[in-house]
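One structure is given below, encoded as structure tokens.
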Amino acid sequence: MHVEGLDYQSGKPIRLGIKDGKIADVVYLLKAKKYLPVIAPGLVDLQVNGYGGVDFNTTQLMASDVNRVVQMLAKQGVTTFFPTLITNTDDSIRKALATIVLACKTYPEAASAIGGIHLEGPFISKEDGARGAHDPQLVQKPDWELFQQWQTVAEEKIKIITLSPEWTGSDEFIARCTKSGVVVSIGHTAATPEQIDRAVKAGGRLSTHLGNGTHLMLPRHPNYIWEQLAQDKLWTSVIADGFHLPDSFLKIIFKVKSETAILISDCTYFAGLNPGTYNSHIGGEVMLSPEGRLSLANQPNLLAGSAQSLLWCVNQVVRKNLLSLKDAWNKASLKPLEVLTGKSQSVFKAGEPANLVLFEQKQTEINILQTILSGEIVYLHSDD
Ligand SMILES: [Zn+2]
């Protein structure tokens, strides 16, 4: 099989041969058909708590639910994602890890699309504001023994861990994670700038949704936001859904971290649902507005997580002229892979998995036409 499209970076017509799930050859065409869609690598989302009514953090989660998320995200141009498990009981974490592993064994598409598991907690801050919606009763200090047990249940699929380096023993824990190939991300933290600095020296590589999961009030300086911005070795993930961060904050992130900022959705299971009021197990009733904003029903000024896919975030930053389409797309595809592998990623390379998206740009909106996961068409747009 082969696909033709306009390279999303250069705009030049290109044909990619696909064989055995991988890109077999890459040909730049001199002459192209009159109409060609844009072709780009599939989106990569490092933080997905759930989607379309499926919550990775409930004990009722089934392997088939996990696979449904794979299909729903393919429709949004996402070909790789990291199911994210937040602070929970030991038993619930083990159950969720086992279900995700089972999904990968049962469904080839899940095995292709799930890049790994992101464990966000429980080794985070207990402080209000910093902990976000995580249960303070279940938050604890880093425990290598426990983490190893979870990693065994997960069959080594935990690839990212979000923690706060404010706990004693964090440096050693971070060094051990890093040595074992797990990316350590700093988030939900009340750490001092010195603790952040030590965490980076121990191997910490990423900041989790910088600017969110933070105290409402901070000393003007020094504080952990400035410190993370100033650490050149730290990559930064941001929730660019248009509700979680003001444009000025994003603008600064994209300048300071021009090569090391990535977009994440951090979407909850309310993503992909119709506007309305829903019951949430984390904090009573929530309201999803027609504009796509998810808030507590009785306190609409308080966000209740994100309800948008990574594609929405790309659309947001492009529409607001915060990034070019090419840069936004890279920060949501190649760059997340780079932070994970530590290697810079080249696009459309023979031998790489054929995870591709064909789309058209209608005014300021990207319209996904086709999604290819490991060489298989998993989503095809139809007009009806
Ligand atoms: Zn979080």
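Numbering of ligands and ligand atoms starts at 1, following listing order.
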Using the rule given for ring pair (Phe, Tyr, Trp, His ring centres under 6.0 Å), can you reason through Tyr51 versus Tyr269, listing the C-alpha separation, both sets of side-chain angles and the distance that settles it, and then say yes or no? CA-CA 4 Å; Tyr51 195 87; Tyr269 65 106; over 10 Å; no
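Every residue meeting the side chain to side chain contact (heavy atoms under 4.5 Å, CB included) condition with Leu6, not counting sequence neighbours, appears here in chain and number order: Pro13, Leu36. Contacts of Phe254 classified as ring pair (Phe, Tyr, Trp, His ring centres under 6.0 Å), with partners at least two apart in sequence or in another chain: none. Residues satisfying the side-chain hydrogen bond (donor to acceptor under 3.5 Å, both in side chains) criterion with Asp90, sequence neighbours excluded, are Arg94, Trp150.
Ring-centre distance between His244 and His209: not below the 6.0 Å cut-off.
Protein N/O/S atoms found under 2.8 Å from the Zn ion (ligand 1), listed by chain and residue number: Glu120 OE2, His188 NE2, His209 NE2.
A side-chain donor from one of Glu120 and His188 sits under 3.5 Å from a side-chain acceptor of the other.
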